[in-house]
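Below, each value reflects all heavy atoms present in this structure, side chains not excepted, and no hydrogens, waters or symmetry copies.
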Amino acid sequence: MNRTARIVSATAAVAALAGIAGCGSDKETTATTSPTPTSVQVRPVVPMSAASFTVTTPDATDTFPADFYAGTFGCTAANHAPHLQWSGAPAAAKSFAVTMFDPDAPTGAGFWHWMTWDIPSTATDFTAGSTGVAGTNDAGAPGYLGPCPPAGDKPHTYQISVLALDTPTLNLPATTTPTVASFSMGSHIIGVARLNLTARR
């Protein structure tokens with residue numbers, strides 16, 4: 001075979017291989033696909049070492065009463081905050097924080113509805129307006145913002161937490177964003193009590 005014939009033959013072979021790579025069977029395509037990277041485990045805000053205690057509310061059992069819904073975002077309710085009562089908190093607690101988070105909110109990152117910290121260590125109950133620093137919620141307003149899930153959406157589960165902290169104050173202004181406040185609490189949490197309530201429109 002002369003030099004020209006060999007070049008033509010080699011070119012045809014490369015073209016054939018390119019065709020296989022681009023239009024091959026599912027089996028061949030799968031064989032060249034990179035493996036899916038392993039998922040990264042996100043560290044939770046509450047440490048595994050945190051003690052558990054109990055929080056309840058006399059205002060609801062499993063679902064939010066109508067008056068506890070928001071008065072904005074399409075809702076026209078009274079925006080009453082639930083009265084929280086807790087017991088069994090760690091004796092070493094020097095302050096408490098109260099948060100309410102909706103992981104089902106269609107934001108891609110959930111929605112903080114309530115964020116209050118520097119609640120005195122002697123407290124065993126709390127509602128909006130009690131002693132503490134009323135931080136901003138994800139709507140940018142201070143204090144409690146009741147649920148108001150999109151109409152027709154699945155039931156949303158709102159996670160209400162009472163956090164026992166090992167410091168009497170976080171030294172944060174009320175204008176601190178919920179994400180920064182939550183991050184700041186993370187290294188101080190020694191106990192947690194949780195209550196889940198649902199809401200649906």
Side-chain angles (χ1 to χ4, degrees), residues 42-47 50 53 55 57 59-60 64-65 67-86 89-90 92-150 153 156-197 199 201:
V42 178
R43 180 170 62 87
V45 173
V46 178
F53 58 104
V55 59
T57 177
D59 300 318
F64 277 98
D67 285 350
F68 290 70
Y69 280 58
T72 186
F73 292 114
C75 290
T76 57
N79 198 51
H80 288 321
H83 179 200
L84 305 178
Q85 300 171 324
W86 60 85
K94 295 182 179 179
S95 69
F96 293 97
V98 167
T99 68
M100 186 170 99
F101 182 69
D102 175 13
D104 300 316
T107 63
F111 194 96
W112 290 101
H113 283 257
W114 203 5
M115 182 73 65
T116 300
W117 57 88
D118 289 5
I119 300 168
S121 61
T122 54
T124 55
D125 68 334
F126 183 82
T127 190
S130 298
T131 302
V133 177
T136 58
N137 50 55
D138 268 338
Y144 171 83
L145 176 65
C148 186
D153 205 358
H156 286 208
T157 299
Y158 296 80
Q159 301 170 351
I160 300 174
S161 301
V162 177
L163 305 172
L165 307 180
D166 66 1
T167 179
T169 178
L170 292 176
N171 290 312
L172 296 176
T175 53
T176 304
T177 64
T179 299
V180 172
S182 179
F183 175 79
S184 299
M185 292 175 195
S187 61
H188 295 287
I189 298 172
I190 60 173
V192 59
R194 286 211 172 107
L195 170 68
N196 291 336
L197 296 178
R201 290 199 301 145

Measure the [atom1]-[atom2] distance between [X] and [Y] for me, rounded to the nearest 0.5 Å.
X	Y	atom1	atom2	answer
D138	W112	CG	CH2	8.5 Å
N196	I160	CG	CD1	8.0 Å
M100	L195	CE	CG	10.5 Å
T127	Q85	OG1	CD	10.5 Å
F96	L163	CZ	CG	10.0 Å

For [X] and [Y], which heavy atoms make the closest approach, and how far apart are they?
X	Y	answer
A134	A174	O-CB, 3.6 Å
H83	D125	NE2-OD2, 3.0 Å
A105	G110	CB-C, 4.0 Å
V55	L84	CG2-CB, 4.1 Å
H156	P106	CE1-CD, 4.2 Å
T72	C148	O-SG, 3.6 Å

Do [X] and [Y] have side chains that approach each other closer than 4.5 Å (heavy atoms only, starting at C-beta)?
X	Y	value
I189	L165	yes
S182	T99	no
L172	M115	no
R201	C75	yes
S95	T169	no

Has [X] got a side-chain atom pairing as donor or acceptor with [Y]'s backbone, closer than 3.5 angstrom?
X	Y	answer
T136	G143	no
W86	A123	yes
D118	L170	yes
D67	A78	no

Passing candidate, side chain to side chain contact (heavy atoms under 4.5 Å, CB included) with P149, options F111, Y158, F73: Y158
List for me each residue that meets side-chain contact (heavy atoms from CB on, under 4.5 Å) alongside P168, sequence neighbours excluded, and say none if there are none. K94
What do the steps show when you test H113 against N137 for side-chain hydrogen bond (donor to acceptor under 3.5 Å, both in side chains), and what is the final call? CA-CA 5 Å; H113 283 257; N137 50 55; over 6 Å; no
Using the ring-ring contact (aromatic ring centres under 6.0 Å, His included) definition, which of the options F68, Y144, F101 pairs with W114? Y144
